[in-house]
Protein chains: 2
Amino acid sequence: MPETRDPRRAEVTKARLLEAAVEAFAARGYHGTTTRDIASTAGMSPAAVYVHHSSKEELLYQISRSGHEDVLALLRAAVDSSEDPVEQLRVAVRNFAEHHVRAHTSARIVNYELAALSEPHLAEMLRIRHEIDVLFSDLVERGIASGAFVTPHPRMAVVALQSLGIDIARWYREPGWDASEIADGYVEIALRIVGASAA
Amino acid sequence: MPETRDPRRAEVTKARLLEAAVEAFAARGYHGTTTRDIASTAGMSPAAVYVHHSSKEELLYQISRSGHEDVLALLRAAVDSSEDPVEQLRVAVRNFAEHHVRAHTSARIVNYELAALSEPHLAEMLRIRHEIDVLFSDLVERGIASGAFVTPHPRMAVVALQSLGIDIARWYREPGWDASEIADGYVEIALRIVGASAA
DNA sequence: AGTCAATAAGCAAGCGCTTAGTTACCTGAT
DNA sequence: ATCAGGTAACTAAGCGCTTGCTTATTGACT
């Protein structure tokens with residue numbers, strides 16, 4: 001028996017509400033956003049939110065989770081793209097920076113609304129963030145071991161690399177630099193930070 | 001006519017409430033904090049807040065304003081400390097980083113709660129932020145003009161220098177690195193970013 | 001006839017802030 | 001020393017409104 005009705009309609013509306021939540025949370029913060037804001041941004045009544053999502057926090061969790069998983073995936077792809085730590089760093093920083101430009105609204109929620117998550121959801125996000133940190137850390141360590149990177153304080157370099165990408169979500173606003181232009185500049189800066197021999 | 005009573009008592013209580021607001025806003029955000037939170041953190045009744053401060057937004061404004069002014073002052077001091085752009089950058093980045101470690105709670109409010117300010121107060125903060133940006137920008141330009149700095153994209157270097165300092169407010173938590181240890185590392189990284197001849 | 005997206009109406013709780021009053025202390029006349 | 005009178009810090013109670021979310025119902029489609 002085939003599915004009745006248009007099975008896509010509910011999913012499309014659900015996604016539209018999620019998108020409205022991203023926009024609202026990014027602009028006014030989780031606690032500064034009301035469920036009525038989200039509903040009206042999506043062009044629906046306040047109760048419509050609860051037809052498709054179980055709570056306001058659940059919306060935040062969905063946004064946070066997929067945002068964190070996207071970042072982890074794009075960094076894993078970078079490490080898998082080459083055997084050379086220099087090339088791995090290039091791709092990692094490029095992907096990381098480009099993502100924080102293109103998805104700067106959801107990235108703002110991912111990085112600045114952690115405190116609004118429920119305890120179990122927060123714990124899950126912190127686990128992913130730890131994986132991201134280890135990935136950057138191992139990458140830098142491999143570069144140092146191979147002699148490609150030279151830096152007096154690797155741990156601080158790792159923090160700096162992440163800071164540069166994450167902070168894009170804070171300062172970037174629509175009409176300005178192009179994403180790949182920023183990413184190019186950040187690759188150059190990253191190589192300098194880790195003391196890569198040739199830039 | 002000499003002043004009656006202890007004139008310091010009211011000021012001390014006012015400051016205590018402000019400090020409670022800093023703690024609460026930094027932990028839960030402006031919109032996530034209630035005036036009752038602030039009052040109870042300061043060990044007072046909800047109404048006490050309004051004896052000393054005119055509104056919740058006024059508290060945010062005070063915190064934001066003095067935080068912004070502190071940063072501007074410490075950067076001006078850095079520029080005035082020497083004629084040499086390299087030394088100016090060293091001191092500027094050191095002061096900037098150290099400030100964001102030591103005052104990381106108020107710095108979190110300064111950098112991540114701008115959207116919660118009223119329009120006129122926001123405009124005032126954006127003016128100070130522009131001055132800070134120009135100060136970093138001019139410093140890097142002088143270094144390039146003197147041949148001390150070499151970087152393909154000065155504007156991006158300026159953004160990166162500010163990002164590194166500001167993002168400390170996001171990731172730093174009490175027991176960890178020492179403020180001057182972080183500052184040392186960040187001076188080294190900053191010199192690499194601008195391509196200072198000797199590090 | 002049955003299913004489900006969507007809404008109108010509204011509830012209990014919590015919000016920023018106010019009002020009316022209490023308490024503690026200082027002043028100056030006795 | 002005492003004490004009325006005045007002032008200012010502080011609070012108890014609560015007002016009007018908004019919040020996240022629920023309930024009962026409608027209406028469109030199969």
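By convention in this document, chain letters (A, B, ...) are assigned in the order of the sequence lines, proteins followed by strands, and residues within each chain are numbered from 1. All values below were derived from every heavy atom in this structure, side-chain atoms included, with hydrogens, water molecules and symmetry-related copies excluded.
Between B:Ser45 and D:dA12, a side-chain N or O to OP1/OP2 separation shorter than 4.0 Å is absent. Distances shorter than 4.0 Å separate some side-chain N or O of A:Thr13 from OP1 or OP2 on C:dA6. Side-chain N/O atoms of A:Thr35 include one lying less than 4.0 angstrom from OP1 or OP2 on D:dG20.
For the pair B:Ile38 CD1 and C:dC15 P, the interatomic distance rounds to 11 Å; values are reported in whole Å. A straight line from NE2 of B:His52 to C1' of D:dT11 spans 12 Å, rounded to a whole angstrom. Rounded to an integer number of Å, the gap from B:Arg9 CZ to D:dT7 P is 17 Å. B:His53 places its NE2 atom 13 Å from the P atom of C:dC17, with the value rounded to the nearest Å. For the pair B:Tyr50 OH and D:dA12 C1', the computed distance is 16 Å after rounding to whole Å. Atom pair A:Glu11:CD and C:dA6:C1' shows a separation of 17 Å (rounding to whole Å applied). One can place CG of B:Leu17 at 12 Å from P of D:dA9, the figure rounded to the nearest angstrom. Nucleotide C:dC15 holds its P atom 7 Å from the CG atom of B:Asp37, rounded to whole Å.
Remark: the B:Asp84 side chain and the B:Ser82 side chain contain no N/O donor-acceptor pair separated by less than 3.5 Å. With hydrogens and angles left out, the side-chain atoms of A:His153 and B:Glu188 include no donor and acceptor closer than 3.5 Å.
Nearer to the 5' terminus of DNA chain D, by closest-nucleotide assignment, is the contact made by A:Thr34 (compared with the other of A:Ala47 and A:Thr34). Across the interface with DNA chain D, nearest-nucleotide mapping of A:Arg36 and B:Met44 shows B:Met44 to be the residue nearer the 5′ end.
Between A:Tyr61 and A:His121, the ring-plane angle classifies as parallel under the 30° and 60° cut-offs.
Placement of B:Val110 and B:Leu135 in two distinct hydrophobic clusters is found when ILVMFWY residues are connected by side-chain heavy-atom separations under 4.5 Å, directly or transitively.
Counting any heavy atom pair closer than 4.0 Å across all strands shown, B:Ser54 reaches no nucleic acid atom.
Between B:Glu19 and B:Arg16, none of the side-chain N atoms (NZ, or NE/NH1/NH2) sits under 4.0 Å from a carboxylate O, so this pair counts as no salt bridge.
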